[in-house]
Amino acid sequence: MVDIPRIVVAGTHSGVGKTTVSSGLMAALRAGGIRVAPVKVGPDFIDPSYHTLAAGRPGRNLDPFLCGEDLIVPLFLHGARGADVAVVEGVMGLFDGRSGGGDFASTAHVARLLRAPVLLVVDASAVARSAAAMVHGYASFDPRVRVGGVILNRVGSGAHERMLREAIEPLGIPVLGALRRDGRLSSPERHLGLVPAAERRKEAREALDLLGEVLGRRLDLGGILRLARSAGPLEGRPWSPEAPEPVSGVRVAVASGAAFSFLYRENLELLRGAGAELLFFDPASDKGLPEGADALYVGGGFPEAYAGELAANGPLKEEVRRFASEGRPVIAECGGLLYLARSLDGERMCGVLDAEARMTDRLTLGYREARALSGSPLAEAGAEVRGHEFHYSAVEPPAGESPAWELPGRGEEGFVAGGVHASYLHLHWASHPEMPRRLLRYAAGVRA
């Protein structure tokens, strides 16, 4: 049994201010000397980038669809090790799950698995006494989910706040904070949501400092911590990324920087746990791959926002082409797939794949179940995985390459060519630890 105080910040719906409250709460607690473990429900990469800055330790994801229910508590215990409290930001509305009809992979689902109380964020901008009806509905909808406190967001005035508090008081659920409308407490957005913190680190740091200062005054931090401590112990053991038989001496070059910031922390830990040395580089500015690299891992991000810089870095593109042509393993996810294409909206990319990539006005979004159609450095043929797509781009299929995955009801997706595995699917390797280990064995074999 492990006793880690924890709280889930949930919303009545998307856009209610969960990220503002979660990040500000993390920053305010950290400013008070409290060690905070930041967590995000779902496959999101952007919110955890702000959590990382706010809490001063890696933001992590908990997703029952990607990782399975049995891994939620072990992954949580791993990520929260050494923390005084864990703040878990939810996804969408409290009870919104992957299918729309059920609550699997919802915030409520994860709160139940963690046996954590919920801090419900309510957008009070256009309601008064009706806010109490909303809180009552959310608190009574599922008796297995304990709504232990309320945060009122976008409150108009002192009189408005008093009306809201008086309406909610008979429910016996404490109001643990009220935030006034404040244009300073916002972040710039892009087509996939907020702009990642990696692209605006200085401004994000300043915004989070301000947010922590404001929320430190407007939230009942003591009441929130008491609620978090009421969660009680969790039964389970922390997840471990360590491989039973590590592969020694393999060096993996990992794309980073503003254009490629979408990677699950556990994927990197699994590579290290399997024996890899990780070498980080920025494709927009570094003129060559890290010395001695045996494998290349290019995750997701916003290469379309930096297409000019990526296109102008000819020496690195040439080295990536040569690296792939020698049969060494290259793993690319989503934004990495665009980078390996011949071009992106007319800008010349690496040309590892004979394909054209372009941005569209159509969002492709959702969880996916997939079966590997071709053996690759990442998966053997027939392997079944669960992943997530989230992009506004399209890639014209290159000639001659084999598809990476079959998506039931959606057709073929991704490409395998020699040692290259490129796909739109984001995979959380904690549920497939054999993948990074297979990658390192493949890289070691090519090097030998």
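The model shown is predicted, which means the values in this text are computed figures rather than measured ones.
Using a distance-only test at 3.5 Å, with no hydrogens or angles considered, no donor-acceptor pair links the side chain of Arg438 to the main chain of Pro433. The backbone N or O of Leu427 sits less than 3.5 Å from a side-chain atom of Asn267, completing a donor-acceptor pair. When atom types are taken as modelled, the side chain of Asn153 and the backbone of Val16 share a donor-acceptor pair closer than 3.5 angstrom. Within the 3.5 Å criterion, the main-chain N or O of Pro246 finds no donor-acceptor partner in the side chain of Arg437. Formation of a donor-acceptor pair under 3.5 Å by the Ser23 side chain with backbone atoms of Thr20 is not found in this model. Judged purely by atom type and a 3.5 angstrom limit, Tyr264 uses its side chain to pair as donor or acceptor with the backbone of Pro43. Judged purely by atom type and a 3.5 angstrom limit, His160 uses its side chain to pair as donor or acceptor with the backbone of Ala124. A donor-acceptor pair under 3.5 Å is absent between the side-chain atoms of Asp294 and the main chain of Arg328, judged by distance alone. Looking only at distances, a side-chain donor or acceptor of Lys40 sits under 3.5 Å from a matching main-chain atom of Gly90. Distance alone, capped at 3.5 Å, places no donor-acceptor pair between the Arg368 side chain and the Glu389 backbone.
Interatomic distance, Leu211 CG to Glu206 CD, rounded to the nearest 0.5 Å: 13.5 Å. Taking CZ of Arg229 as the reference point, atom CD1 of Ile4 lies at 13.5 Å (rounded to 0.5 Å). Here the OH-CG distance, from Tyr306 to Asn313, works out to 15.0 Å after rounding to the nearest 0.5 Å. In this structure, Leu113 CG and Ile72 CD1 are separated by 6.5 Å, a value rounded to the nearest 0.5 Å. Between the OH atom in Tyr424 and the NE2 atom in His391 there is a gap of 5.0 Å [rounded to 0.5 Å]. Note that CG of Leu114 and CD1 of Ile7 are 12.5 Å apart. Values are rounded to the nearest 0.5 Å.
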task = Before giving the answer on salt bridge (Lys or Arg N to Asp or Glu O under 4.0 Å), spell out for Glu213 and Arg217 the whole-Å C-alpha distance, their side-chain angles and the decisive distance to 0.1 Å.
result = CA-CA 7 Å; Glu213 179 185 340; Arg217 296 194 306 267; 3.4 Å; yes
task = Check the pair Ile151 / Leu219 against side-chain contact (heavy atoms from CB on, under 4.5 Å), numbers first and verdict last.
result = CA-CA 8 Å; Ile151 300 294; Leu219 301 184; 3.6 Å; yes
task = Kindly indicate, with the supporting measurements, whether the criterion salt bridge (Lys or Arg N to Asp or Glu O under 4.0 Å) is fulfilled by Arg115 and Glu235.
result = CA-CA 10 Å; Arg115 297 171 55 197; Glu235 186 172 352; over 6 Å; no
request  = Under the side-chain contact (heavy atoms from CB on, under 4.5 Å) rule, what do Lys287 and Leu316 come out as? Steps first, then yes or no, please.
outcome  = CA-CA 5 Å; Lys287 299 306 179 185; Leu316 180 61; 5.9 Å; no
Criterion ring pair (Phe, Tyr, Trp, His ring centres under 6.0 Å) on Phe260 and Phe302, from CA distance to verdict = CA-CA 6 Å; Phe260 298 101; Phe302 286 107; over 10 Å; no
ask   = Is there a side-chain contact (heavy atoms from CB on, under 4.5 Å) between Phe415 and Leu340 once you walk through the steps?
value = CA-CA 11 Å; Phe415 314 103; Leu340 296 189; over 6 Å; no
task = With side-chain contact (heavy atoms from CB on, under 4.5 Å) as the test, would you mind laying out the steps for Val88 and Val9 before giving the verdict?
result = CA-CA 6 Å; Val88 182; Val9 178; over 6 Å; no
Side chain to side chain donor-acceptor pair (under 3.5 Å) between Glu266 and His78, intermediate numbers included = CA-CA 10 Å; Glu266 290 82 0; His78 169 73; 5.7 Å; no
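In summary, the side chains of Ser393 and Glu304 do not present any donor paired with an acceptor at a separation below 3.5 Å, with no hydrogens or angles considered. Residues Glu89 and His51 have side chains that bring a donor and an acceptor to within less than 3.5 angstrom of each other. For the residue pair Ser376 / Tyr442, no side-chain donor-acceptor distance below 3.5 Å is found, with atom types taken as modelled.
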Can you give each donor-acceptor pair under 3.5 Å made by side-chain atoms of residues 273-283, sequence neighbours left out, with the distance rounded to 0.1 Å?
from   : atom 1 : to     : atom 2 : distance (Å)
Glu277 : OE1    : Arg251 : NE     : 3.0
Glu277 : OE2    : Arg251 : NH2    : 3.2
Asp282 : OD1    : Ala284 : N      : 2.9

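The cationic atom of Arg386 (NZ for Lys, CZ for Arg) lies less than 6.0 Å from the six-membered ring centre of Phe65 and within 45° of the ring axis.
Here the side chains of Val150 and Leu176 are not in contact, with every heavy-atom distance at 4.5 Å or above. Counting heavy atoms from C-beta outward, Pro64 and Val110 have side chains that approach closer than 4.5 Å. Contact of the Phe390 side chain with the Asp44 side chain is not registered, since no non-hydrogen atoms from C-beta on lie closer than 4.5 Å. Contact check for Glu333 versus Tyr297: side-chain heavy atoms found under the 4.5 Å cut-off. Contact of the Leu271 side chain with the Leu440 side chain is registered, since non-hydrogen atoms from C-beta on lie closer than 4.5 Å. At a threshold of 4.5 Å between non-hydrogen side-chain atoms, the residues Val91 and Lys18 do not count as touching. Taking 4.5 Å as the limit, every side-chain heavy atom of Arg30 sits out of range of all side-chain heavy atoms of Leu25. In this structure, the side chains of Val21 and Leu179 come closer than 4.5 Å at one or more pairs of heavy atoms.
Using a 4.0 Å cut-off between charged nitrogen and carboxylate oxygen, Glu169 and Arg165 do not count as a salt-bridge pair. For the pair Arg112 and Glu69, the salt-bridge criterion is not met [side-chain N within less than 4.0 Å of a carboxylate O].
Summarising the geometry of Ile173 relative to Ala139, their closest heavy-atom pair is CD1-CB, 3.5 Å, with the distance given to 0.1 Å. Taking each heavy atom of Leu338 and Pro303 in turn, the nearest pair found is CD1-CG, 4.0 Å. Taking each heavy atom of Arg218 and Arg180 in turn, the nearest pair found is NH2-NE, 3.7 Å. Closest of all the heavy-atom pairs between Ser125 and Arg181 is O-NH2, 3.0 Å. Heavy-atom minimum distance, Ala108 versus Val145: CB-CG2, 3.9 Å. When every heavy atom of Leu75 is checked against every heavy atom of Ala430, the shortest pair comes out as CD2-CB, 4.0 Å.
With a 6.0 Å radius and a threshold of 12 heavy atoms from other residues, nucleotides or ligands, Arg447 has its CZ atom above the threshold. Under a cut-off of 6.0 angstrom, the local environment of NE2 in His136 is sparse, with at most 12 non-hydrogen atoms contributed by other residues, nucleotides or ligands. Environment of CG in Asp209: crowded, with over 12 heavy atoms of neighbouring residues, nucleotides or ligands closer than 6.0 Å.
Ring geometry, Phe262 versus Phe45: the interplanar angle falls under 30°, so the pair is classed parallel (tilted spans 30 to 60°). Taking the six-membered ring where tryptophan is involved, the planes of His388 and Tyr367 are perpendicular, since the angle between them exceeds 60° and thus also 30°. Below 30°, between 30° and 60°, or above 60°: for Phe95 and Phe141 the angle between ring planes is between 30° and 60°, a tilted geometry.
Checking Pro436, Cys67, Pro241 one by one against Trp429, the side chain to side chain contact (heavy atoms under 4.5 Å, CB included) holds for a single residue, Pro436.
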